[in-house]
Colleague: 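Just passing along the structure, written as structure tokens.
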Amino acid sequence: MQDQYNHKNIEPAVQKMWEDNKSFEVTEDPDKEKYYCLSMFPYPSGKLHMGHVRNYTIGDVISRFQRMQGKNVLQPMGWDAFGLPAENAAIKNNVPPAKWTDENVAEMGAQLKTMGFAYDWSRELATCKPDYYRWEQWFFLKLFEKGLVYRKKATVNWDPVDNTVLANEQVVDGRGWRSGAIVEQREIDQWFLKITAYADELLEDVRKLENWPQQVRTMQENWIGRSEGVELEFGLENSEETLSVFTTRPDTLMGVSYLAVAPQHPLATRAAVENPELTDFIEECKNMKATEAEMATMEKKGFATGIYATHPITGESIPIWVANFVLMSYGSGAVMAVPAHDERDWDFAQTYGLPIKQVITSTCESVANNININEGAFTEKGVLIDSGDFTGLTSEEALDSIAEFLQEAKKGRKTINYRLRDWGVSRQRYWGCPIPIIYCDDCGAVAVPDEDLPVELPTDVVFDESGSSPIKQMPEFYETSCPKCGKAATRETDTFDTFFESSWYYARFTGPDNDKSMLDERADYWLPVDQYVGGIEHAVLHLLYARFFNKLMRDEGLIECDEPFTNLLTQGMVLADTYYIDGESGGQEWIAPKDVTVERNEKGKVVKITDDKGREVQTDGMSKMSKSKNNGVDPAELIEKYGADTLRVFSMFAAPPDQSMEWSDSGVEGANRFIKRLWRQVYIHAETNPNKDFDLDLDNLTDSQQEIRHKVYATLTKVTDDMSRRYTFNTAIAANMELINDLSKFKDDGEQAQAIRHEALEKIVLMLSPIMPHVAQELWVSLGNEGTVMDEPWPEIDETALEQSKIQMMIQLNGKLRGKVDVDVNADDATVEALAMENENVKRFLEDATVRKVIVVKGRLVNIVAN
RNA sequence: GCCGGUGUGGCGGAAUUGGUAGACGCGCUGGAUUCAAAAUCCUGUUCCCUCUGGGAGUGUCGGUUCGAUUCCGACCACCGGCACCA
């Protein structure tokens with residue numbers, strides 16, 4: 001064993017051993033409990049960043065810990081390889097997207113391997129390969145057969161100069177990113193998946209996701225946005241037509257004082273024909289910003305249409321307004337307004353002097369007496385007043401009877417509305433999976449026959465300046481014949497949204513080599529994923545689509561489980577300090593953290609920061625690592641300098657996994673020092689006791705020897721809980737540091753002491769091996785063991801070592817700490833109380849006070865209440 | 001605006017069930033080692049005071065309790081998300 005830790009002598013060798021032994025390749029083993037741990041696969045951008053390092057270290061630590069628990073652990077890795085950046089690179093560097101992607105995969109794969117993650121690389125997949133995407137083409141056609149897929153017109157961003165469709169991120173301030181032309185909205189035919197058919201189940205099953213962060217569950221629920229209510233018809237005066245509105249509060253129907261329609265509503269359009277002012281107002285609404293915060297605070301504006309409706313029950317005449325707060329895309333694009341019982345309607349009524357009629361009062365008399373409808377809306381449910389035949393009913397009763405009344409009058413019905421829209425999966429981009437459809441003039445949209453799958457995306461393509469999809473100009477791709485009638489036909493040139501690929505990759509990892517079917521029986525062995533780890537930015541779309549796909553695959557008979565991910569861990573962002581110098585012409589010059597020197601005062605507070613040219617630098621606090629703030633840190637450089645284990649220890653130690661983590665260079669050095677200290681202790685121990693068999697005589701230990709053993713097993717107890725239940729790897733590391741500090745103060749050199757030290761060091765190496773697997777392997781061997789440390793079982797807790805004869809108890813006086821006392825572990829309350837009273841400091845305080853009460857909390861403290 | 005989260009030393013964070021606030025690490029102080037430095041090791045490090053001890057202290061103000069970082073109420077700040085959803 002070398003006396004100094006040097007990662008370069010260890011990491012490549014250990015990684016080679018894992019590779020040679022195929023240590024992480026797994027197969028289905030019915031005798032072992034399976035554990036499927038998955039980290040969200042990366043887009044192959046070319047370089048690993050710290051976000052990846054953190055994400056994948058968390059997944060790897062969990063996987064390795066579960067392996068030591070004796071489980072059959074699957075941890076795969078692959079590439080979310082389709083997407084826009086490859087097209088951008090193609091235009092910029094004149095390299096085909098496929099080539100660019102392949103090169104990036106190779107480079108990032110090599111970087112991932114230097115981190116020592118326990119991946120089963122034999123299952124590696126890339127979504128841009130035909131052997132992967134052919135199955136989603138197949139699956140799409142299954143859904144097509146079932147009627148879960150349909151085609152309809154939808155809006156796209158159209159660049160009129162480049163004559164191409166733009167993705168949202170290619171639109172900058174309303175202009176095409178390359179041409180600078182003002183982007184137009186165009187309606188074109190696109191494919192949709194009926195996710196709304198699964199809205200109820202997707203919502204209902206959120207309840208099953210007990211081990212998902214509450215935040216993510218709420219976001220999913222809100223996104224689906226189910227609301228129960230009544231759809232009802234208002235007749236239009238002097239017309240046979242009706243106007244349909246949706247309400248969740250039919251109990252307030254008798255308080256309606258106006259109706260409001262969205263600016264895009266046909267009724268609004270019609271009313272505007274003869275009314276230039278209304279036309280202007282509708283135009284104005286189109287230009288409104290649509291960010292939620294602005295929407296919520298913006299002024300409620302409206303314009304009377306001059307059209308009147310009739311109340312479905314009273315027949316009263318009710319004005320119809322156009323209002324900027326009504327959304328065409330929700331419900332029927334029209335609402336009934338009850339100013340007395342809805343805040344927004346109240347604000348609007350106040351602004352435009354519309355009547356406010358109270359029809360609900362509180363069931364609680366004191367509340368009811370305080371309602372002043374002229375001061376604000378009363379939005380709670382209660383009892384109906386002034387509501388004709390419905391007066392006296394509670395809101396709940398009224399809800400049903402009004403709905404019934406409307407139903408009978410054929411003027412309304414109970415309905416459920418969702419915010420969730422069907423998923424548009426067509427993209428007019430090149431670098432994606434071709435949609436397997438052929439258009440025939442006679443037969444319409446026809447599925448590509450099974451035997452013709454996959455429809456392969458041509459990879460040898462040249463991009464022109466416009467950035468439009470090359471396959472749209474490739475007759476050899478799109479010219480084909482109709483599978484039904486044989487006539488000349490055209491192939492679909494749109495590709496799938498890349499969320500399509502990422503919606504089922506977790507399942508494909510269970511059998512990526514299957515070229516006969518999408519999935520097989522192996523899927524039911526491994527699924528569902530036991531632990532999914534990834535960024536919170538996927539809280540809604542990716543996770544919802546994956547849940548949707550899981551249910552689709554289940555209903556297709558491909559898998560059995562209802563939900564894909566049992567446990568979800570959303571890791572926090574990686575932040576770093578930002579430094580800048582004010583530029584001469586305004587703006588900031590951002591200085592990389594590695595180029596600054598920080599001066600501190602004697603309290604450790606920062607007093608001055610300078611850059612490498614000696615200029616004084618300002619700090620803008622911590623923010624997410626990004627190019628724009630030049631505060632990124634390259635993992636490759638750190639692996640080279642400190643090794644993967646140091647990087648792994650630091651990223652797990654700096655913060656709990658779900659919180660944001662602040663990058664710190666000195667923190668990394670601290671992690672490195674910690675490994676060195678442990679190395680040094682093992683080295684000295686191994687040198688002192690070469691090839692020794694230790695014989696521990698548990699019955700004849702000194703107090704300090706017993707204390708160390710107690711500490712070892714107390715640490716093991718805590719670390720086991722931290723790693724398995726709490727996922728607080730930071731405290732697991734801290735507990736080991738504490739133990740190592742204690743051990744270094746344990747100066748006993750006797751036979752028994754050496755045996756105890758040996759036991760302690762072995763346990764430390766085992767406990768830390770999931771976090772720093774390379775150095776743990778080396779230390780394991782240095783301690784005289786053979787084989788691989790990661791295949792050792794997680795250590796058992798020695799209960800006898802945890803037993804103590806004496807414990808320390810706190811003495812409090814009126815809740816303030818006044819002393820400590822060592823007592824026998826079995827001492828009864830009276831004994832403890834007596835000991836506490838004998839404490840010198842306590843006596844002093846009690847001199848001129850009377851004891852009122854004594855509280856003894858077993859094993860913890862004595863509190864003497866006196867005054 | 002609504003929903004969710006967070007607020008603890010100079011900094012990251014710990015305190016898991018209402019029971020020693022500040023574990024562990026960073027930074028800083030002093031020392032050992034060294035010709036010197038780096039590295040390493042040791043010491044101290046919440047603030048204040050009349051210092052064998054005492055007082056204050058976990059965003060602010062109140063409350064419950066023998067005892068509150070932890071529970072309750074009101075407020076403030078920051079972060080994240082969003083849907084003016086009828």
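It should be emphasised that the depicted structure is a prediction, and the values quoted were computed from it without experimental measurement. In what follows, chains carry the letters A, B, and so on, assigned in the order in which the sequence lines appear, proteins first and then strands, with residues in each chain numbered from 1.
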Colleague: What distance, rounded to whole Å, do you find between the two C1' atoms, one in B:U34 and one in B:A39?
Modeller: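 One C1' to the other, the span is 11 Å.
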
Colleague: Mind checking the P distance from B:U69 to B:A15? Whole angstroms is fine.
Modeller: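 So the two P atoms sit 15 Å from each other.
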
Colleague: Using the C1' atom on both, measure B:A86 against B:A77 and round to a whole Å.
Modeller: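 It works out to 33 Å between them.
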
Colleague: Give every donor-acceptor pair under 3.5 Å between a side-chain atom in residues 858-867 of chain A and any protein atom, sequence neighbours left out.
Modeller:
| unit_1 | atom_1 | unit_2 | atom_2 | d |
| --- | --- | --- | --- | --- |
| A:Lys858 | NZ | A:Ala827 | O | 3.2 |
| A:Asn863 | OD1 | A:Asn814 | N | 3.4 |
| A:Asn863 | OD1 | A:Gly815 | N | 3.0 |
| A:Asn867 | OD1 | A:Arg852 | NE | 2.7 |
| A:Asn867 | OD1 | A:Arg852 | NH2 | 3.0 |

Colleague: Looking at every non-hydrogen atom in both residues, tell me the closest pair between A:Ala199 and A:Ile224 and how far apart they are.
Modeller: O-CG2, 3.9 Å

Colleague: Under 4.0 Å, heavy atoms only, any strand: does A:Val854 hit a base, just the sugar-phosphate, or nothing?
Modeller: nothing

Colleague: Roughly how far apart, to the nearest Å, are B:A56 and B:G22 at atom C1'?
Modeller: 15 Å

Colleague: Can you tell me how far C1' of B:G12 sits from CE of A:Met737, to the nearest Å?
Modeller: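 In whole Å, B:G12 C1' and A:Met737 CE are 12 Å from each other.
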
Colleague: Tell me what A:Arg419 touches on the nucleic acid: a base, only sugar-phosphate, or nothing, going by heavy atoms under 4.0 Å.
Modeller: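 Base, at least one base heavy atom under 4.0 Å.
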
Colleague: Write down the partner of B:U40 under the Watson-Crick or G-U wobble criteria, each distance required to be under 3.5 Å.
Modeller: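 Pairing partner: B:A32.
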
Colleague: Which whole number of Å gives the distance between the P atom of B:G27 and that of B:A38?
Modeller: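 Straight-line distance between the two P atoms is 13 Å.
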
Colleague: Mind listing the N/O atom pairs, protein and nucleotides 64-72 of chain B, below 3.5 Å?
Modeller:
| unit_1 | atom_1 | unit_2 | atom_2 | d |
| --- | --- | --- | --- | --- |
| B:C66 | O2' | A:Asn863 | ND2 | 3.3 |
| B:C66 | O2 | A:Asn863 | ND2 | 2.4 |

Colleague: Report each atom pair, protein N/O against N/O of nucleotides 53-56 of chain B, whose distance is under 3.5 angstrom.
Modeller:
| unit_1 | atom_1 | unit_2 | atom_2 | d |
| --- | --- | --- | --- | --- |
| B:G53 | O3' | A:Arg844 | NH2 | 3.2 |
| B:G54 | OP1 | A:Arg818 | NH1 | 3.3 |
| B:G54 | OP1 | A:Asn841 | ND2 | 3.2 |
| B:G55 | OP1 | A:Arg818 | NH2 | 3.2 |
| B:G55 | OP2 | A:Arg818 | NH1 | 3.0 |
| B:A56 | OP2 | A:Lys816 | NZ | 3.3 |

Colleague: Quote, to the nearest angstrom, the C1' distance that separates B:G59 from B:G9.
Modeller: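 My reading of the C1' atoms in B:G59 and B:G9 gives 15 Å.
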
Colleague: Answer with base, sugar-phosphate or nothing: what part of the nucleic acid does A:Asn417 contact at a heavy-atom distance below 4.0 Å?
Modeller: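 A:Asn417: no heavy atom of the nucleic acid under 4.0 Å.
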
Colleague: Which comes earlier along RNA chain B counting from the 5' end, the contact point of A:Tyr418 or that of A:Thr218, where each point is its nearest nucleotide?
Modeller: A:Thr218

Colleague: The criterion is side-chain contact (heavy atoms from CB on, under 4.5 Å); which residues satisfy it with A:Thr218, sequence neighbours excluded?
Modeller: A:Gln214, A:Asn222

Colleague: Can you see if the side chain of A:Ser227 gets near the phosphate of B:A86 - specifically, an N or O under 4.0 Å from OP1 or OP2?
Modeller: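 Answer is yes, contact under 4.0 Å.
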
Colleague: Does A:His265 have any ring-ring contact (aromatic ring centres under 6.0 Å, His included) partners at least two apart in sequence or in another chain, and if so, which?
Modeller: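 For A:His265 there are no ring-ring contact (aromatic ring centres under 6.0 Å, His included) partners, ignoring immediate neighbours.
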
Colleague: Only counting residues at least two apart or in another chain, list the ones meeting ring-ring contact (aromatic ring centres under 6.0 Å, His included) with A:Trp212.
Modeller: none

Colleague: Classify A:Asp342 by what it touches in the nucleic acid, base, sugar-phosphate, or nothing, heavy-atom distance under 4.0 Å.
Modeller: nothing

Colleague: Going by salt bridge (Lys or Arg N to Asp or Glu O under 4.0 Å), name the residues that satisfy it together with A:Arg207, two or more places apart in sequence or in a different chain.
Modeller: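 In terms of salt bridge (Lys or Arg N to Asp or Glu O under 4.0 Å), with neighbours along the sequence ignored, A:Arg207 is linked to A:Glu204.
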
Colleague: What residues form a ring-ring contact (aromatic ring centres under 6.0 Å, His included) with A:Phe650, not counting sequence neighbours?
Modeller: A:Trp663

Colleague: When you match A:Val857 and A:Asn222 each to their closest nucleotide on RNA chain B, which lands nearer the 5' end?
Modeller: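 Mapping each residue to its closest nucleotide by heavy atoms, the 5'-most match is A:Val857.
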
Colleague: Please state whether the rings of A:Trp423 and A:Tyr545 are parallel, tilted or perpendicular, taking 30° and 60° as the class boundaries.
Modeller: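 Parallel.
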
Colleague: Within a reach of under 6.0 Å around NZ of A:Lys843, are more than 12 heavy atoms found that belong to other residues, nucleotides or ligands?
Modeller: yes

Colleague: Could you check whether A:Gly670 gets within reach of a base, just the sugar-phosphate, or nothing at all, counting any heavy atom under 4.0 Å?
Modeller: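 Contact class for A:Gly670: sugar-phosphate only.
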
Colleague: Is there a Watson-Crick or G-U wobble partner for B:G1 with both distances under 3.5 Å, and if so, which one is it?
Modeller: B:C82

Colleague: Please classify the nucleic acid contact of A:Arg860 as base, sugar-phosphate, or nothing, using heavy-atom distances under 4.0 Å.
Modeller: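 Counting heavy atoms under 4.0 Å across all strands, the contact made by A:Arg860 is with sugar-phosphate only.
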
Colleague: Would you call the rings of A:Trp679 and A:Tyr5 parallel, tilted or perpendicular, taking 30° and 60° as the class edges?
Modeller: tilted

Colleague: Does any nucleotide pair with B:A23 by Watson-Crick or G-U wobble geometry, both distances under 3.5 Å, and what is it?
Modeller: none

Colleague: Would you indicate, yes or no, if B:A15 has its OP1 or OP2 atom less than 4.0 angstrom from a side-chain nitrogen or oxygen of A:Arg726?
Modeller: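 The answer is yes; a side-chain N or O of A:Arg726 sits under 4.0 Å from OP1 or OP2.
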
Colleague: Between B:A86, B:G25, B:G12, which nucleotide has the shortest distance from any of its atoms to the side chain of A:Glu662?
Modeller: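 Nearest to the side-chain atoms of A:Glu662, counting from C-beta on, is B:G12.
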
Colleague: Apply salt bridge (Lys or Arg N to Asp or Glu O under 4.0 Å) to A:Arg726 and list each qualifying residue two or more places apart in sequence or on a separate chain.
Modeller: A:Asp722

Colleague: Please report the distance, rounded to the nearest Å, between CD1 in A:Ile536 and P in B:U6.
Modeller: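 The distance from CD1 of A:Ile536 to P of B:U6 comes to 13 Å, rounded to the nearest Å.
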
Colleague: Heavy-atom count around A:Glu228 CD within 6.0 Å, excluding the residue itself: above 12?
Modeller: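 Count not over threshold, so no.
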
Colleague: Could you state the atom-to-atom distance from CD1 of A:Ile416 to C1' of B:C85 in whole Å?
Modeller: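 The distance from CD1 of A:Ile416 to C1' of B:C85 comes to 15 Å, rounded to the nearest Å.
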
Colleague: Does B:C75 pair with anything, Watson-Crick or G-U wobble, both distances under 3.5 Å, and if so, with which nucleotide?
Modeller: B:G59

Colleague: Just checking A:Met219: base, sugar-phosphate only, or nothing, at a heavy-atom cut-off of under 4.0 Å?
Modeller: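 Counting heavy atoms under 4.0 Å across all strands, the contact made by A:Met219 is with sugar-phosphate only.
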
Colleague: What is the separation between atom CZ on A:Arg217 and atom P on B:G5, rounded to the nearest whole Å?
Modeller: 13 Å

Colleague: For B:G25, does either OP1 or OP2 sit under 4.0 Å from a side-chain N or O belonging to A:Asn741?
Modeller: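 A:Asn741 to B:G25 OP1/OP2: side-chain N or O found under 4.0 Å.
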
Colleague: Round to the nearest Å and state the distance from A:Glu221 atom CD to B:C82 atom P.
Modeller: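 For the pair A:Glu221 CD and B:C82 P, the rounded distance is 16 Å.
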
Colleague: What is the distance, to the nearest angstrom, from the CG atom on A:Asp722 to the C1' atom on B:A15?
Modeller: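 These atoms are roughly 12 Å apart.
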
Colleague: Using a cut-off of 4.0 Å between protein heavy atoms and nucleotide atoms, how would you tag nucleotides 38-52 of chain B 5' to 3' with B, S and -?
Modeller: --SS-----------

Colleague: Of the candidate nucleotides B:G27, B:A23, B:A14, which contains the atom at the shortest distance from the side chain of A:Pro656?
Modeller: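 Of the candidates, B:A14 comes closest.
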
Colleague: Determine the minimum heavy-atom distance between A:Phe729 and A:Ile58, stating which atoms define it.
Modeller: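 Answer, listing the atom of A:Phe729 first, then A:Ile58: CE1-CG2, 4.3 Å.
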
Colleague: Taking atom C1' in both B:U8 and B:C24, what distance in whole Å separates the two?
Modeller: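 Those two atoms are separated by 15 Å.
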
Colleague: Would you please name every residue forming a ring-ring contact (aromatic ring centres under 6.0 Å, His included) with A:Phe845, sequence neighbours left out?
Modeller: none

Colleague: With P as the reference atom in both, quote the distance from B:C26 to B:G13 in angstrom, rounded to an integer.
Modeller: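 To the nearest whole Å, 16 Å.
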
Colleague: Anything under 3.5 Å between a donor and an acceptor, one on a side chain of residues 334-343 of chain A, the other on a protein residue two or more places apart or in another chain? List them.
Modeller:
| unit_1 | atom_1 | unit_2 | atom_2 | d |
| --- | --- | --- | --- | --- |
| A:His341 | ND1 | A:Phe378 | O | 2.8 |
| A:His341 | NE2 | A:Val359 | N | 3.0 |
| A:His341 | NE2 | A:Ile360 | N | 3.1 |
| A:Asp342 | OD1 | A:Arg344 | N | 2.9 |
| A:Asp342 | OD1 | A:Asp345 | N | 3.0 |

Colleague: Once you round it to whole Å, what is the distance between P of B:A23 and CD1 of A:Ile733?
Modeller: 18 Å

